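Small disclaimer: the values here were computed from a predicted structure and weren't measured. In what follows, chains carry the letters A, B, and so on, assigned in the order in which the sequence lines appear, proteins first and then strands, with residues in each chain numbered from 1.
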Amino acid sequence: MDYRSTLNLPATNFPMKANLPVREPERLKRWQGTSLSDRILEKRRGAPKWVLHDGPPYANGDIHLGHALNKSLKDILVRYKSMKGFYVKYVPGFDCHGLPIEQKALESLGAKVKEKSPLEIRRLCHQFATKYIGLQSGQFQRLGVGGQWKTPYLTLDPKVEARALRLFRDIVAGGYVYKGFRPVYWDPIFQTALAEAEIEYEEHVSPSIYVRFPCLDPEKNEVLRPHAPINFVIWTTTPWTLPGNLAVCLHPDFTYVVAEVAGGERVVAAEELLQSFCTDAKLGEPKVLAKCKGRDLEGLHCSHPLLEKQSLVILGEHVTLEQGTGCVHTAPGHGAEDFDVCKKYGIEPFQPVDEAGRFTELYPPMQGVQVWEANQTIIGELTARGLLAHVGKITHQYPYSWRSHRPIIVRATEQWFLALEHKGLRQKCLEAIQNSVQWIPKWGEARIYNMVAARPDWCLSRQRAWGMPIPSLHSKGAGKSILALEVIDRFIEYVEKEGTDCWYRRPLEDFLPEGFQCPESGGTEFEKEYDILDVWFDSGATHASILEADPDLASPADLYLEGSDQHRGWFHSSLLASMAGRGRPPYRAVLTHGFLLDEKGEAMSKSKGNVISPLDLMKHMGADVLRLWVASEDYRGDIRASKEIFERVSEAYRRIRNTFRFLLGNLADFDETRAAADGELDEIDRWALARLDQLVERVGQAYEQYEFHRVYHLTHSFCVEMSAAYLDVIKDRLYCSAPADRTRRAAQTAMREMLSALARLLAPIIPFTADEVWEAAYGGGESVHLADFPAPGGRAADEAFLQRWERFAALREIVARKLEEARREKKIGASLEAAVALRVKTPALYEVLALDADLLRQLFIVSSCKVERAPSAAGAETLEEQVEAEIRLADGAKCERCWNWTKEVGQNAEHPALCVRCADVVERLNR
RNA sequence: GGGCCCAUAGCUCAGCCCCGGUCAGAGCGCGCGCCUGAUAAGCGCGAGGUCGAAGGUUCAACUCCUUCUGGGCCCA
């Protein structure tokens with residue numbers, strides 16, 4: 001007779017094969033259709049707010065794996081905090097203005113660019129941004145990221161622009177904004193100033209030249225006088241900046257020497273660099289004639305190498321002994337440090353290069369020539385004048401524009417700046433960094449602190465079309481730019497209604513209050529200026545434009561969460577804007593993650609061809625596997641991604657999924673009304689629940705500490721442990737008992753708790769699968785994402801109980817090894833064919849174990865287990881030394897139903913192939 | 001070149017930080033085997049690490065210090 005049908009085998013529709021690429025989008029549609037995100041919010045209305053402010057990604061293409069990582073981490077937290085009972089409204093944002101989009105728009109225009117007005121270009125940019133916002137929004141939602149996707153925040157939204165501009169107005173009102181002539185990074189292709197964040201360094205071959213600066217007045221200096229004539233020698237890799245030279249800078253504390261080199265020439269150079277410089281410049285073996293400190297040479301004059309000017313010998317702490325001669329060519333129009341040091345000497349910058357990188361009439365010999373092309377000519381000119389000591393080539397890192405991918409130049413221009421020293425802003429920022437913000441990991445503090453401490457004033461203006469105009473006016477009377485609060489206010493009024501296009505569209509008069517006069521000259525003739533704000537201001541202002549504007553949000557936010565590059569980027573700009581405009585930081589805590597690396601630990605880049613697309617991953621493995629990977633990695637350091645890693649994560653996913661499936665299958669005929677009371681649970685059920693309680697406790701802590709990789713390892717290991725130790729052991733009860741048998745219901749009760757807790761513990765990480773499980777377990781009612789996060793404590797066990805079970809686990813290993821031995825000797829196959837004898841060599845231990853013989857039999861999944869006394873072994877300490885396991889073939893016969901071996905088989909005449917228990921169950925089923 | 005960070009089995013992580021001292025642990029993968037009532041599953045056993053390298057402190061270092069190497073982010 002076939003007794004299989006009398007068994008309670010698992011039954012579930014929950015498929016083993018996840019088929020996530022197909023099933024996730026279906027579930028997503030249902031979530032969207034039923035406004036799940038809104039319902040989650042509704043459920044927590046009135047609860048304490050928890051605000052995670054989304055750093056807006058730049059909307060200019062498909063999302064990449066870094067986006068997926070960042071948004072997954074945010075979503076995990078948002079879901080976790082919601083389940084913990086907080087009111088968490090997640091408003092995703094998009095950064096819409098800026099050069100990358102403008103560039104794309106211009107590319108599409110081709111040669112017609114020149115015919116287009118700023119308004120037309122802006123309209124195109126708007127279209128591009130809108131297109132990519134839609135694209136990215138869909139991709140993020142596909143990832144399972146919940147939130148206000150119907151109403152994301154856009155930095156191009158007129159309301160958002162108006163609020164950002166109001167913050168700008170407050171900063172202007174605070175007196176922080178000034179117009180200055182300063183060297184800035186300049187992209188000659190796009191003809192705009194660049195922020196530090198818009199620069200990347202690339203390998204670049206530059207000329208490496210040594211140039212003589214003949215000293216004009218050596219007789220004024222005691223050290224030089226006896227050795228005249230003397231040349232200061234400078235080293236530079238940018239010959240084109242030589243027309244802008246106004247000084248030669250020495251370090252006050254370095255030792256400089258007068259040395260005689262090849263041809264009897266006498267030069268000045270830093271002592272430490274003399275040898276290397278003479279070797280490099282092929283000047284032979286130098287002979288030192290005199291020595292002095294840099295400060296002794298201050299104030300001497302050299303002749304300018306190219307113009308009828310003089311170059312002053314000055315001192316600066318920034319001079320180093322790394323390369324060159326220790327005498328630094330200084331062109332205040334072409335370098336920030338040069339500018340600063342010259343300022344101390346009252347030297348005004350000389351800047352003969354126009355916005356396209358061509359020389360102007362200020363350097364007539366090369367007017368109209370591109371600086372890069374000018375290099376060679378200048379070298380020729382120097383040679384002709386006998387000033388070139390040596391020319392070579394050098395390959396080094398040189399700043400490139402992140403958009404034009406061409407080398408940039410540094411040129412002094414008129415720009416709007418945010419003054420870091422005004423009202424002690426820098427100091428206030430530094431104090432806020434140390435005292436008011438929690439940095440996670442903690443080293444982020446030192447990182448951003450050093451950056452803020454060292455950064456120059458923030459260059460706020462750009463000469464572009466796609467951004468928020470700075471409503472400054474050129475006052476004809478004063479002959480300069482003015483930024484008037486009244487004008488800004490008027491501008492904002494229009495922006496609110498019409499967007500920032502109004503600056504281009506409306507006549508100047510619209511922005512001028514009645515009787516407006518230039519505060520400097522009293523004049524009334526103005527022209528609009530068309531610089532725009534650095535996009536970093538747009539995003540740096542979102543604490544005001546977004547958080548302050550929505551009563552469901554708040555500023556400061558509880559958390560900003562971005563990659564560690566944002567210490568220089570968004571965290572930085574947000575901090576400065578908020579400190580200047582509001583006097584407080586925009587966030588309470590800042591969490592950073594590392595960067596993606598490939599399997600070799602190298603950065604991912606298109607050029608290396610090692611990029612992995614999140615869209616491909618979702619298409620082939622599903623969002624949950626991708627998210628499980630995110631959770632599995634300790635994101636505080638670098639994050640690895642490779643084929644093998646995703647294969648490993650997929651394995652883990654399958655293990656978790658199968659555990660859910662097994663639980664569901666065995667709970668098919670169970671509901672809460674059939675749950676066993678605590679007193680009815682077997683000891684092993686209580687053990688399993690105690691382990692579950694531990695898991696809940698530890699996972700909760702891990703979430704609280706943002707250590708999602710611990711959540712992953714903890715839950716995955718729990719599934720593994722339970723599969724092997726608990727779920728395997730209780731199969732006999734589950735399958736073979738009568739369906740309503742109390743011990744079976746007890747096991748199901750434990751499994752139900754396990755299922756419920758596990759699904760909720762994992763819901764933030766694998767939202768699709770957890771929800772699928774929840775639906776399979778409880779029907780199509782509430783989503784798991786509306787449930788509360790499990791709380792520990794309900795089934796906590798005392799130490800003695802846990803220790804008792806640790807010993808059982810150790811015994812299980814001992815027995816398992818012996819069973820394996822018996823298997824190898826072909827004595828047994830399945831463990832139920834075995835009978836175990838535990839020979840215990842310690843009387844005390846024997847007394848304890850003897851009482852648990854039947855429990856051990858179950859744990860070992862064998863047909864019988866005897867605990868016997870053995871001659872005591874001296875000095876036996878480990879369990880292994882105290883207990884010896886013997887394996888024999890079990891007595892009796894195999895029950896055809898439960899496969900246990902017992903002498904009872906055959907006692908029931910009706911069911912001669914069954915053991916007593918099974919015969920009994922079958923008879924009752926038949927009744 | 002500067003600031004900050006990372007470096008433990010093939011892979012992902014524990015342990016290390018603020019208290020140095022059991023044969024450095026887990027899971028996955030891998031090898032071998034069992035089961036065929038979780039079956040494109042489940043169970044068991046096993047093999048994998050001179051804890052990036054070199055010095056130093058110490059009776060004793062994966063754990064503390066220094067230097068170096070490789071890698072990352074941000075700058076120059």
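- What separates CG of Leu9(A) from P of G42(B) is a distance of 17 Å, to the nearest Å.
- Residue-level contact check: Arg817(A) touches the backbone only, with heavy atoms under 4.0 Å from sugar-phosphate atoms and none from bases.
- Trp901(A) and Ser864(A) form no side-chain donor-acceptor contact under 3.5 Å, judged by distance and modelled atom types alone.
- Minimum atom distance to the side chain of Arg710(A) is reached by G15(B), of the listed G27(B), G72(B), G15(B).
- Note on Leu819(A): nothing from the nucleic acid sits closer than 4.0 angstrom, heavy atoms only.
- At whole-Å resolution of the value, CD in Glu707(A) and C1' in C17(B) are 12 Å apart.
- Look at the P atom in both C32(B) and A47(B): the space between them is 15 Å, to the nearest Å.
- Here, G20(B) and A61(B) have their P atoms 14 Å apart, quoted to the whole Å.
- Residue His716(A) is classed as a sugar-phosphate contact, given heavy-atom separations below 4.0 Å to backbone atoms only.
- Across all strands shown, A61(B) forms no Watson-Crick or G-U wobble pair with both key distances under 3.5 Å.
- The separation of G25(B) from C74(B), taken at their C1' atoms, amounts to 36 Å, rounded to a whole angstrom.
- Residue Tyr185(A) places its side chain closer to A76(B) than to any other of C4(B), G29(B), A76(B).
- With a 4.5 Å cut-off on side-chain heavy atoms, Val437(A) and Tyr560(A) do not count as touching.
- Here U39(B) sits opposite no nucleotide as a Watson-Crick or G-U wobble pair (both hydrogen-bonding atom distances under 3.5 Å).
- If you check G10(B), C74(B), G37(B) against the side chain of Cys736(A), the one that comes closest is G37(B).
- Here the NE2 atom belonging to His709(A) is positioned 4.0 Å from the CG atom belonging to Asp634(A), to the nearest 0.5 angstrom.
- Phosphate contact (OP1/OP2 of G37(B), side-chain N/O of Tyr3(A), threshold under 4.0 Å): absent.
- Between Met722(A) atom CE and G42(B) atom P the separation is 16 Å, expressed in whole Å.
- Summarising the base pairing, U22(B) is matched to no nucleotide, lacking a Watson-Crick or G-U wobble pair whose two defining distances lie under 3.5 Å.
- Among the heavy atoms of the strands lying under 4.0 Å from Trp899(A) is at least one base atom, whether or not backbone atoms are also near.
- For the pair Lys894(A) and Trp899(A), the cation sits on the ring face: its NZ or CZ lies under 6.0 Å from the ring centre, inside 45° of the axis.
- Using a 4.0 Å heavy-atom criterion, one finds that Arg897(A) contacts the bases of the nucleic acid, with or without backbone contacts as well.
- Tyr449(A) places its OH atom 18 Å from the C1' atom of C75(B), with the value rounded to the nearest Å.
- Distances were taken from every side-chain heavy atom of Trp443(A) (C-beta onward) to each of A76(B), U36(B), C4(B); the shortest belongs to C4(B).
- Residue Ser723(A) is in base contact, counting any heavy-atom pair closer than 4.0 Å across all strands shown.
- Checking C13(B), U12(B), A38(B) against the side-chain heavy atoms of Asp634(A) singles out C13(B) as nearest.
- Atom C1' of A9(B) sits at a distance of 12 Å from the matching atom of C28(B), rounded to the whole Å.
- Toward the 5' end of RNA chain B, the nearer of the two residues Ser642(A) and Arg812(A), judged by each one's closest nucleotide, is Ser642(A).
- OP1 or OP2 of G37(B) sits under 4.0 Å from a side-chain N or O of Arg4(A).
- For Asn666(A) and Asn450(A), each mapped to the nucleotide of RNA chain B holding its nearest heavy atom, the one lying further toward the 5' end belongs to Asn450(A).
- Separating the CD1 atom in Ile409(A) from the NE2 atom in His334(A) is a distance of 7.5 Å, to the nearest 0.5 Å.
- Listed pair His709(A) / A14(B) meets the phosphate criterion, a side-chain N or O lying under 4.0 Å from OP1 or OP2.
- For Lys826(A), counting side-chain heavy atoms from C-beta on, the closest listed nucleotide (C34(B), G37(B), C5(B)) is C34(B).
- Rounded to whole Å, the separation between the C1' atoms of G44(B) and U67(B) comes to 48 Å.
- If you check every strand for non-hydrogen atoms under 4.0 Å, Asp565(A) touches sugar and phosphate atoms only.
- Here U69(B) sits opposite A7(B) as a Watson-Crick or G-U wobble pair (both hydrogen-bonding atom distances under 3.5 Å).
- Rounded to a whole angstrom, the distance from the C1' atom of G31(B) to that of U69(B) is 35 Å.
- Using a 4.5 Å heavy-atom threshold, the side chains of Leu727(A) and Leu734(A) count as separate.
- Rounded to an integer number of Å, the gap from Arg640(A) CZ to C5(B) C1' is 14 Å.
- In this structure, CG on Leu575(A) lies 4.5 Å from SG on Cys429(A), to the nearest 0.5 angstrom.
- Note: CZ (Arg655(A)) to P (U39(B)) measures 13 Å, nearest angstrom.
- Across all strands shown, nothing is found opposite C17(B) as a Watson-Crick or G-U wobble partner with both distances under 3.5 Å.
- As rounded to the nearest Å, U12(B) and G72(B) have P atoms that lie 16 Å from one another.
- The side chain of Ala446(A) lies closest to C4(B) when the candidates are G72(B), C45(B), C4(B).
- Counting only heavy atoms from C-beta on, Arg823(A) has its side chain closest to G44(B) among G44(B), A38(B), A26(B).
- Judged by atom type and distance alone, Arg447(A) reaches the base of C73(B) through a side-chain donor-acceptor pair under 3.5 Å.
- For Thr12(A) against A38(B), no side-chain N or O and base N or O form a donor-acceptor pair under 3.5 Å.
- Syn is the classification of G48(B), since its glycosidic angle stays within 90° of 0.
- Taking the six-membered ring where the residue is Trp, Phe571(A) and Trp439(A) present perpendicular rings, their angle passing 60° and hence far from 30°.
- Once rounded to the nearest 0.5 Å, the distance linking NE2 of His716(A) with CD of Glu651(A) reads 8.5 Å.
- By the 30° and 60° cut-offs, the orientation of the rings of Tyr635(A) relative to His593(A) is perpendicular.
- Straight-line distance from the CG atom of Asp728(A) to the C1' atom of U39(B): 14 Å, rounded to whole Å.
- Residue contacts for Ala652(A): at a heavy-atom cut-off of 4.0 Å it reaches no nucleic acid atom on any strand shown.
- As judged by a 4.0 angstrom heavy-atom cut-off over every strand, Gly637(A) is placed among residues making no nucleic acid contact.
- Of the candidates A40(B), U12(B), C28(B), the closest approach to any side-chain atom of Val720(A) belongs to C28(B).
- When Watson-Crick and G-U wobble pairs are counted only if both distances are under 3.5 Å, C32(B) pairs with G44(B).
- With A26(B), G46(B), A38(B) as the choices, the nucleotide that has an atom nearest any side-chain atom of Pro10(A) turns out to be A38(B).
- A straight line from CD of Glu644(A) to P of G27(B) spans 18 Å, rounded to a whole angstrom.
- Nucleic acid contact class of Lys731(A) (heavy atoms, under 4.0 Å, all strands): base.
- Here Arg661(A) lies in heavy-atom contact (under 4.0 Å) with sugar-phosphate atoms only.
- A53(B) and U58(B) have their P atoms separated by 23 Å, given to the nearest Å.
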